[in-house]
Amino acid sequence: FRHAIMAYPQLIQPYIQRCKNQTHSSMFDLASAIYQDGFFVYIPDNIDFKQVIQMVNVVNTQNNLFINMKNMVIVGKNASLKLIHCDDTIESGNTLINTATEIFLEDGARVDYYKLENKDAKSILINDSTIYQGADTHVNTYTNVFNGGIIHNSLNSHLLGQGGNINLNGLYLVDKKQEVTNCLSVN
């Protein structure tokens, strides 16, 4: 994401400006202010991207970590994307991972967004995703939690044009002392 901002400011800055007046959670604002890095995906107008893009964040250290990430996805007019975003742990100390993700759909765009979370019991994972949908857009979200210490998912959709549609799906397979909170908002 840092590289994309420097390499393509004319593409990214209008989207950053577009959402500056939106109200976000304090953790979203924190991740946006002090992010270490994140991913950036851009699908141009009229591209039906057939392949699935998978973004994997893996923690493999015994160190205690506090990680802030900022992600941005832009899907152009009448374009489509399938995106899988995974958070996983191989080995970790106490970790807090705070992620802010913004997904922009221009008119007629279509997105399938899969969020897969498989963390250890010492992990705190905060995911705050905001989706901005233009006219005649279609979004399917699938949030799947397989394991984790404390997980908080917040998904906010802004339907900005007529004919927008969003389907919110989830599967949560946790036990013992694991805590999962899922908050959904459609405006």
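- In this structure His152 satisfies the side-chain hydrogen bond (donor to acceptor under 3.5 Å, both in side chains) test with no other residue, sequence neighbours excluded.
- Side-chain atoms of Asp29 and Ser26 include no donor-acceptor pair closer than 3.5 Å.
- Between Leu81 atom CG and Asp112 atom CG the span is 8.5 Å, to the nearest 0.5 Å.
- Residues Phe66 and Val59 are members of separate hydrophobic clusters, defined by side-chain heavy-atom contacts under 4.5 angstrom among Ile, Leu, Val, Met, Phe, Trp and Tyr.
- Checked for salt-bridge contact, Glu106 and Arg18 meet the test: a charged N lies under 4.0 Å from a carboxylate O.
- In this structure, SG on Cys183 lies 12.0 Å from CG on Asn127, to the nearest 0.5 angstrom.
- Within the model, atoms CG of Asn187 and CD of Gln133 stand 11.0 Å from one another, a figure rounded to the nearest 0.5 Å.
- One distance of note links CG of Asp87 with NZ of Lys119; it measures 5.5 Å at 0.5 Å rounding.
- Using cut-offs of 30° and 60° on the angle between ring planes, the pair His85 and Phe39 is perpendicular.
- For the side-chain contact (heavy atoms from CB on, under 4.5 Å) test, residues two or more places apart in sequence or in another chain that qualify with Asn147 are Asn118, Gln178.
- Listed for the Ser32 side chain is a donor-acceptor partner under 3.5 Å among the backbone atoms of Phe28.
- The minimum heavy-atom distance linking Pro14 with Leu11 is given by the pair CD-O, 3.5 Å.
- Side-chain contact annotation: Thr61 with Glu91, donor-acceptor N/O pair under 3.5 Å absent.
- The closest side-chain heavy-atom distance from Tyr113 to Lys82 is not below 4.5 Å.
- No continuous path of ILVMFWY side-chain contacts below 4.5 Å connects Val145 to Leu116, so the two sit in separate hydrophobic clusters.
- No chain of hydrophobic side-chain contacts below 4.5 Å, direct or via other Ile, Leu, Val, Met, Phe, Trp or Tyr residues, connects Ile84 to Met72.
- Linking Ile, Leu, Val, Met, Phe, Trp and Tyr residues whenever their side-chain heavy atoms come within less than 4.5 Å places Ile43 and Met55 in a single cluster.
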Residues Asn71, Glu102; criterion side chain to side chain contact (heavy atoms under 4.5 Å, CB included); working and verdict: CA-CA 6 Å; Asn71 306 314; Glu102 292 181 298; over 6 Å; no
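- Residues that satisfy the side-chain contact (heavy atoms from CB on, under 4.5 Å) test with Gln36, not counting sequence neighbours, are Ile67, Asn68.
- In this model, a donor atom of one side chain and an acceptor atom of the other lie less than 3.5 Å apart for Asp128 and Asn156.
- The local environment of CD in Gln62 is crowded, with over 12 non-hydrogen atoms from other residues, nucleotides or ligands closer than 6.0 Å.
- A heavy-atom distance below 4.5 Å is not found between the side chains of Phe104 and Val73.
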Candidate pair Leu159 and Val186, rule side chain to side chain contact (heavy atoms under 4.5 Å, CB included), full reasoning: CA-CA 7 Å; Leu159 299 169; Val186 179; 3.8 Å; yes
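- For the atom pair NZ of Lys115 and OG1 of Thr99, the computed distance is 6.5 Å after rounding to the nearest 0.5 Å.
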Ile131 vs Ile166, side chain to side chain contact (heavy atoms under 4.5 Å, CB included): CA-CA, chis, key distance, verdict: CA-CA 10 Å; Ile131 302 172; Ile166 186 165; 4.2 Å; yes
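- Asn153 CG to Asn182 CG: the interatomic distance, rounded to the nearest 0.5 Å, is 5.0 Å.
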Derivation and outcome, side chain to side chain contact (heavy atoms under 4.5 Å, CB included), residues Val139 and Thr141: CA-CA 6 Å; Val139 176; Thr141 68; 3.7 Å; yes
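- At a cut-off of 3.5 Å, with distance as the only test, a side-chain donor of Asp48 or Ser80 sits close to an acceptor on the other residue.
- Judged by distance alone, the side chain of Asn98 and the main-chain N or O of Met27 form a donor-acceptor pair under 3.5 Å.
- With hydrogens and angles ignored, the 3.5 Å screen pairs no side-chain donor or acceptor of Arg110 with any backbone N or O of Asn140.
- Placement of Val174 and Leu125 within a single hydrophobic cluster is found when ILVMFWY residues are connected by side-chain heavy-atom separations under 4.5 Å, directly or transitively.
- The main-chain N or O of Asn94 is found under 3.5 Å from a side-chain atom of Asn64 such that the two form a donor-acceptor pair.
- Checked by atom type and distance alone, the side chain of Asp107 pairs as donor or acceptor with a backbone atom of Ala135 at under 3.5 Å.
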